[in-house]
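These notes concern the structure reproduced below.
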Protein chains: 2
Amino acid sequence: MKEIDKVFKALADPSRRELIDRLHAKNGQTLSELCAGLDMARQSVTQHLGLLEEANLISVQWQGRDKLHYFNPVPIHEIYERWIRKFERQRLDALHDFKTKLEGKLR
Amino acid sequence: MKEIDKVFKALADPSRRELIDRLHAKNGQTLSELCAGLDMARQSVTQHLGLLEEANLISVQWQGRDKLHYFNPVPIHEIYERWIRKFERQRLDALHDFKTKLEGKLR
DNA sequence: TTGACATGCAGGTTATTACCTGCCTATTCT
DNA sequence: AGAATAGGCAGGTAATAACCTGCATGTCAA
């Protein structure tokens, strides 16, 4: 499976995006910390975090019995650069055309 | 299911991203046109297109017996605005910090 | 009008996903 | 040392996803 596929797949699940959001708000959280309030068994969270790690969206670091999780924004940036940006450009072009046409009608 | 969830789910599959890419390259293609070269039964493609339509990533228009497909960049833009942009910002900040520290060391 | 073509609809299969529970290990704290 | 805490590992289940085939319908063109 290609890297970019893993990232898209990882982002497909709302719980995983929620986890990323939480790490973005506070980096370096432990598993238990991330579990708190997530209405889901610890094992499920572990699994989600595993997928995120597979996609290189987070990295982990052990500290005694604690497993610390860190968010890595690089894959998201790559998705943006390699896949999303071109559509943004098209969209802006469309807006530009629209505005131009509008100005034509108003003239 | 929330709108944004549908979009992320729709983008999770490589075949569906491929379809979007093709429509981006040439808008208004028929189903048969999109099937060509996709090593997949027509019905599967129909299903993928259905999901993309559900996510509002494409819209269709009938013309006689032909079903024309058009790409809509808006949902992708929304994903970018509401979800990706903040991570881009963090990333740029990180780069900036890095550069600043580096300059500190070089001084 | 008949044949060729574009697509829809129904249903079935297999793989994957998102969960769970139960039990085990390692670390910390008292 | 013993209890509490953080996490791993194995396995099981139910829902969903990604495919397929077969047949029906509607449209175009000779």
Side-chain angles (χ1 to χ4, degrees), chain A residues 1-23 26-71 75, chain B residues 1-23 26-71 75:
Chain A
M1 200 195 226
K2 285 198 309 186
E3 280 307 306
I4 201 168
D5 291 350
K6 287 189 203 161
V7 181
F8 270 113
K9 274 254 179 338
L11 295 182
D13 189 278
S15 306
R16 287 195 286 269
R17 292 200 304 278
E18 167 75 23
L19 284 168
I20 289 181
D21 278 333
R22 286 179 177 222
L23 285 181
K26 183 184 171 201
N27 218 1
Q29 294 185 67
T30 66
L31 174 57
S32 320
E33 222 171 338
L34 288 169
C35 283
L38 257 198
D39 197 27
M40 190 187 297
R42 173 174 54 86
Q43 212 29 252
S44 309
V45 178
T46 297
Q47 202 171 324
H48 283 306
L49 290 171
L51 279 183
L52 290 172
E53 201 184 344
E54 270 293 303
N56 202 30
L57 280 161
I58 65 177
S59 57
V60 300
Q61 190 185 336
W62 281 91
Q63 192 161 338
R65 65 180 167 177
D66 291 334
K67 190 187 193 183
L68 307 179
H69 298 79
Y70 296 91
F71 169 58
Chain B
M1 201 191 218
K2 284 199 310 184
E3 280 306 306
I4 200 168
D5 290 351
K6 287 189 203 162
V7 182
F8 270 113
K9 275 253 179 341
L11 295 181
D13 189 279
S15 306
R16 287 194 287 270
R17 291 200 304 279
E18 168 76 21
L19 285 168
I20 290 182
D21 278 333
R22 286 178 177 222
L23 285 182
K26 182 185 171 200
N27 218 0
Q29 293 185 69
T30 66
L31 174 57
S32 318
E33 221 171 338
L34 288 168
C35 283
L38 259 197
D39 197 27
M40 186 185 303
R42 174 176 53 87
Q43 199 42 47
S44 309
V45 178
T46 297
Q47 204 171 322
H48 283 307
L49 290 170
L51 279 182
L52 290 172
E53 202 185 342
E54 270 292 304
N56 202 30
L57 280 161
I58 64 177
S59 58
V60 300
Q61 189 187 336
W62 281 91
Q63 192 163 334
R65 66 182 166 174
D66 291 334
K67 190 187 192 184
L68 307 180
H69 298 79
Y70 295 90
F71 168 58

Q. Want to settle it: does M40(B) or T30(A) sit nearer the 5' end of DNA chain D, counting the closest nucleotide to each?
A. T30(A)
Q) With F8(A), which of R17(B), R16(B), K9(B) fulfils side-chain contact (heavy atoms from CB on, under 4.5 Å)? A) R17(B)
Q. So do L57(A) and L11(A) actually touch side chain to side chain, heavy atoms under 4.5 Å?
A. yes
(Q) Any non-hydrogen side-chain atom of F71(B) less than 4.5 Å from a side-chain atom of I20(B)? (A) yes
Q.
Testing the basics here: between T30(A) and H69(A), what is the closest heavy-atom pair and its distance to 0.1 Å?
A. C-ND1, 4.0 Å
Q) Can you find a heavy atom in the side chain of S15(A) that is under 4.5 Å from one in the side chain of M40(A)? A) yes
Q | Residue list, side-chain contact (heavy atoms from CB on, under 4.5 Å) with A12(A), at least two apart or on another chain | A | A12(B)
Q: Taking the side chain as every heavy atom from C-beta outward, state whether L19(B) and L38(B) have any atom pair closer than 4.5 Å.
A: yes
**Q.** Distance, rounded to the nearest Å, where D5(A) contributes CG and dA18(D) contributes C1'
**A.** 15 Å
Distances for protein N or O near nucleotides 27-30 of chain D N or O, under 3.5 Å:
{"unit_1": "dT27(D)", "atom_1": "O2", "unit_2": "R65(B)", "atom_2": "NH1", "d": "3.4"}

(Q) Please report the distance, rounded to the nearest Å, between NZ in K67(A) and C1' in dG8(D). (A) 8 Å
Q) Which pairs, with at least one residue in residues 58-67 of chain A and sequence neighbours excluded, count as a salt bridge (charged side-chain N to carboxylate O under 4.0 Å, His left out)? A) none
Q) From the 5' end of DNA chain C to its 3' end, which nucleotides mark the outer limits of contact with chain B, defined by a 4.0 Å heavy-atom distance cut-off (strictly under)? A) dA4(C) to dA10(C)
Q: May I ask you to test the L23(B)-Y70(B) pair for a side-chain heavy-atom distance under 4.5 Å?
A: no
Q.
Would you say that L34(A) contacts L49(A) through its side chain, given a criterion of any heavy-atom pair below 4.5 Å between the two side chains?
A. yes
Q) Atom CD of Q47(A) to atom P of dT13(D): distance rounded to whole Å? A) 16 Å
Q.
Between the opening five pairs and the closing five pairs of the helix from dT1(C)-dA30(D) to dT30(C)-dA1(D), how far apart are the helix axes, to 10°?
A. 30°
Q) Where each residue is assigned the nucleotide of DNA chain C containing its nearest heavy atom, which of H48(A) and R42(A) is assigned the position nearer the 5′ end? A) H48(A)
Q) Salt bridge or not for R22(B) and E33(B), using N-O below 4.0 Å? A) no
**Q.** Members of residues 6-23 of chain A that approach DNA chain C, where some heavy atom sits under 4.0 Å away
**A.** K9(A), D13(A), R16(A)
